[in-house]
Number of protein chains: 2
Amino acid sequence: MARPQRRTVRDIRRGNRAVLLRALYFSGPTSRNDLTARTGLSAATVSTMTADLLGENIVVEAGQVESDGGRPRVLLRVNPEYGFAVGVDVAETHVRVGLFDLEMTERAKVDYMLRPARHDPELVARHILSGVEVVLSDAGVAPEQVLGIGVGVPGIVEPGADGVIHAKTFGWDGVPLGALLRRGTSLPLYVDNGAKTMGQAELWFGSGRGASEAVIVLLGVGVGATIVADGTTFRGVSSSAGEWGHTKIVANGRPCRCGGRGCLEAYVGIEAILDRAGVTSQGDWEEDLAGVLASESPVVEETVTYLGVGLANLVNLINPEKIVIGGWVGVRLGESLLPGIRRATAANSLAEPYAATSIVLGRLGPDAVALGAATLVLEEFLNAPQVARITAAG
Amino acid sequence: MARPQRRTVRDIRRGNRAVLLRALYFSGPTSRNDLTARTGLSAATVSTMTADLLGENIVVEAGQVESDGGRPRVLLRVNPEYGFAVGVDVAETHVRVGLFDLEMTERAKVDYMLRPARHDPELVARHILSGVEVVLSDAGVAPEQVLGIGVGVPGIVEPGADGVIHAKTFGWDGVPLGALLRRGTSLPLYVDNGAKTMGQAELWFGSGRGASEAVIVLLGVGVGATIVADGTTFRGVSSSAGEWGHTKIVANGRPCRCGGRGCLEAYVGIEAILDRAGVTSQGDWEEDLAGVLASESPVVEETVTYLGVGLANLVNLINPEKIVIGGWVGVRLGESLLPGIRRATAANSLAEPYAATSIVLGRLGPDAVALGAATLVLEEFLNAPQVARITAAG
DNA sequence: GTGCTTGTTTTCGCCTCTGAACTAAGATGA
DNA sequence: TCATCTTAGTTCAGAGGCGAAAACAAGCAC
């Protein structure tokens, strides 16, 4: 029942080109010979296609490897400077703009502080646009070299060209951030939920690397998840899939800031943890959390249990091969409590799917949101290199 | 990060052939002219391809439609008798074997009763194999005409050729039903969880028809779900995705027969409903449930609430465009309580994803499991018609 | 230098799609 | 009755794509 999609002989070339480029990107320097094995394409096709890519400067040579008794292999790699991607993290307290080359090395970045409760959409858009200018000039990159701008934001992002956002905690209800940005730039824009961009980053460059069915959970102020099915982020019909933090684990339980009751976030979100521990925060949540973890408080054990229930629900429903625990709260909890979290998950899930899952910690830091946002641009580039280039130039 | 998959020019033909056949199958009698519009293929391609399909007897003519002032269109349809599919429902109390033509019209069926607690795998396999012989001879269909056998079973089915099953309630732990069956037949076999085959049936021929992102839930003795992503059943890494009945909605809640606590099934499974209502069953659960529903018992309202929580978790996590409530308990509850179920779901889910979801009742009866199992064969046929035929013949 | 090995490119045949020209089959109206 | 119009379906030539195999390239060993 998959959407009918006619194919013509040209699509093959495009598809195989993407396959080749992906192989080249993820395997690092590789010879044409290796590429035939990796992609399954014939040597002939690899040869002509790499010739094209070299001619377009998308791929460059990267030395040789002598072989015992035969012609040496010429190594190829994706040209990291063929183009650049901007990644933006719009968070509660700041807007961060980073410029990345194709290898996702950060070339420049700039932060703008946001006053809490001052999340004027126009201001945020201005920060992003001026941030783009700043990082470009800092890194000496021309706008024509930029393949696109990825933006990670809190809340739900409607599908569609306007990038309309609903973020209750932000006071945004129907803010067309994409449209606001498009007034100031003609570069391709990709707006997505920040938990999803972080998930994207962990999937491509962090602990989720190589997984095809996975869930990357984000534990921080908010609680969310990125569900990965068949190697790509699952978005659901209106792009809001993955709102794990507001699934209920205690029917009619603790009230949540979303207005509901018994949400997972109302147990394992940072505010909930501190509240349940009876901590009145002085503003530094990280320190507060460290205090709770160092204490003998039963809240710690309870938190592990609740988290285990939440994770077990994912195990039973999604049956992933890997669960990555990310977000600063998640990583902090995991550092000392991962074995307990695994036990709690096992206790609440079915044996078969649990046995198929490995639960690991994320290994990217707080910059993962911006990196993941830039990865949206990279993904587009790898899927259809020439098209992305044209759009960017136009 | 999707699996690299090289394509050659031949794959195009295969893919387009599948596209064409699907269009023909789901649109009913259609002219070549309509097919060009529906598939996006050129008239030339449609012409040569339909000629092939007519030659192979996969497609047949189905009359004409006169047009005002031009050559009349010749209607085409899939030949319902090109091949047949066997669908098997292995349930707690019986094994049912049905023979379906390509239009999924049931041509013959046979039931075998199972004594409770007498679920010998060998016996079940023998029932299935002799059932296949019976329905074939009843319908006068030769084995060579059968494209495959689909089997829906309780529990988790491991991916792989042996069709290994883990079904706690059945007393099956690692039963290789597929391997047992293969000893008695050379036809292609498809073994899948019964909730998934039922979901498949509702998706293709029932209330889920046309939905691309959907969840079909099954409420009966057990509670499960079929998650549909991009038009196909999502299975997870080891084929056990969708174990919704054992997701927790009350941390540390009521004990469940799976050994866990607070599972959804321990609140809305039929045994749980009756237990919570204080009914001691005489054996006729349908009557018992009717009694509970007719009473003023608060258990009814509570059940609606718990079900709403479970459904809301799906809404938040999966963001489907449609939720179909199936299974005999689900349909019975839904008949009178659907508005309340919708309210309870709304109360426990986020506004945006809830607004994007419609919650409807399943419209296929208890035969949906066998029908869905046969649909597994149909799906294979539509995806690669010629390959399926060859396998069946071999 | 001559043979051997291995990597890369070129040549050639086959396959698929599409646009355009062409054929088929009925309606219409003088 | 028959020329003309309209719409459906088929045929053909051309372009683009892939793979097998032959050809070419570039080292090593003796």
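In this text, all values refer to a predicted model and were calculated from it rather than measured experimentally. Within every chain, numbering begins at 1; the chains are lettered A, B, ... in the order of the sequence lines, protein sequences first and strands thereafter.
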Chemist: Going by heavy atoms in the side chains, are A:Val59 and A:Leu21 under 4.5 Å from each other?
Modeler: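 A side-chain contact under 4.5 Å exists here.
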Chemist: Taking only residues two or more places apart in sequence or in another chain, which ones pass side-chain hydrogen bond (donor to acceptor under 3.5 Å, both in side chains) with B:Asp101?
Modeler: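 By the side-chain hydrogen bond (donor to acceptor under 3.5 Å, both in side chains) rule, B:Asp101 matches B:Arg107.
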Chemist: Output, in order, the C-alpha distance, side-chain angles, deciding distance and verdict of ring pair (Phe, Tyr, Trp, His ring centres under 6.0 Å) for B:Phe234 and A:Phe234.
Modeler: CA-CA 11 Å; B:Phe234 175 73; A:Phe234 175 73; 7.2 Å; no
Chemist: For a side chain to side chain donor-acceptor pair (under 3.5 Å) check, start with the C-alpha distance between B:Asn319 and A:Ser239, then their side-chain angles and the critical distance, and finish with the verdict.
Modeler: CA-CA 7 Å; B:Asn319 182 211; A:Ser239 229; over 6 Å; no
Chemist: Starting at atom CG of B:Leu76, determine the distance to atom P of D:dA8, rounded to an integer number of angstrom.
Modeler: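 For the pair B:Leu76 CG and D:dA8 P, the rounded distance is 14 Å.
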Chemist: The helix from C:dG1-D:dC30 to C:dA30-D:dT1: angle between its terminal axes, five pairs each, to 10°?
Modeler: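 Rounded to the nearest 10 degrees, the bend comes out at 20°.
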Chemist: Measure the shortest side-chain to side-chain distance between A:Val46 and A:Leu20 over non-hydrogen atoms and say whether it is less than 4.5 angstrom.
Modeler: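 With C-beta onward as the side chain, the pair touches.
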Chemist: Taking atom P of D:dC18 as reference, at what distance in whole Å does atom CZ of A:Arg14 sit?
Modeler: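 Checked: the CZ to P distance equals 12 Å.
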Chemist: To the closest 0.5 Å, what do you measure between CH2 (A:Trp204) and CG (A:Leu371)?
Modeler: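 Nearest 0.5 Å value for the CH2-CG distance: 11.0 Å.
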Chemist: Nearest whole Å is fine: how far is C:dT5 P from A:Asn33 CG?
Modeler: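 Rounded to the whole Å, the gap is 16 Å.
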Chemist: Rounded to the nearest 0.5 Å, what's the gap from OG1 on B:Thr30 to CG on B:Asn33? Could you check?
Modeler: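 Taking OG1 in B:Thr30 and CG in B:Asn33, the distance rounds to 11.5 Å.
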Chemist: Let me have the donor-acceptor pairs involving side chains of residues 70-78 of chain B, under 3.5 Å, with sequence neighbours excluded, atom names and distances please.
Modeler:
{"from": "B:Arg73", "atom 1": "NH1", "to": "B:Asp34", "atom 2": "OD1", "distance (Å)": "3.3"}
{"from": "B:Arg77", "atom 1": "NH2", "to": "B:Glu103", "atom 2": "OE2", "distance (Å)": "2.7"}

Chemist: Kindly give the atom pairs (protein nitrogen or oxygen, nucleotide nitrogen or oxygen) under 3.5 Å for nucleotides 11-17 of chain D.
Modeler:
none

Chemist: Rounded off to whole Å, could you give me the CZ-to-P distance for the A:Arg73 and C:dT5 pair?
Modeler: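 After rounding, the gap between these two atoms is 17 Å.
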Chemist: Which whole-number value in Å describes the distance from B:Leu41 CG to C:dC17 C1'?
Modeler: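 So the CG-C1' distance, B:Leu41 to C:dC17, works out to 9 Å.
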Chemist: According to side-chain hydrogen bond (donor to acceptor under 3.5 Å, both in side chains), who are the partners of A:Thr233, at least two apart in sequence or on a separate chain?
Modeler: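 Checked A:Thr233 against side-chain hydrogen bond (donor to acceptor under 3.5 Å, both in side chains); matches are A:Gln200.
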Chemist: With respect to the phosphate group of C:dT9, does any side-chain polar atom (N or O) of A:Arg32 fall under 4.0 Å of OP1 or OP2?
Modeler: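 Indeed, a polar side-chain atom of A:Arg32 lies that close.
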Chemist: Find out whether B:Arg14 and B:Asn383 are in side-chain contact, i.e. whether some heavy atom of one side chain is under 4.5 Å from a heavy atom of the other.
Modeler: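 No, every pair of side-chain atoms sits at 4.5 Å or beyond.
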Chemist: Tell me the interatomic distance from A:Leu35, atom CG, to C:dT9, atom P, rounded to whole angstroms.
Modeler: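 Going from A:Leu35 (CG) to C:dT9 (P), I get 11 Å.
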Chemist: Output the rounded distance in Å from CG (B:Leu75) to P (D:dT7).
Modeler: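 Computing the B:Leu75:CG to D:dT7:P distance gives 18 Å.
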Chemist: Reading nucleotides 22-30 of chain D 5' to 3', which nucleotides get B (base under 4.0 Å from a protein heavy atom), which S (sugar-phosphate only), which -?
Modeler: ---BBBS--
Chemist: Can you work out whether A:Met49 or B:Val74 has the more 5'-proximal nearest nucleotide on DNA chain D?
Modeler: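 Of the two residues, B:Val74 wins.
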Chemist: Please report the distance, rounded to the nearest Å, between CG in B:Leu54 and P in D:dG9.
Modeler: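 Roughly 11 Å, once rounded to whole Å.
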Chemist: Answer whether the closest heavy-atom distance between the side chains of A:Leu378 and A:Tyr25 falls below 4.5 Å.
Modeler: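 Contact flag for A:Leu378/A:Tyr25 side chains = yes.
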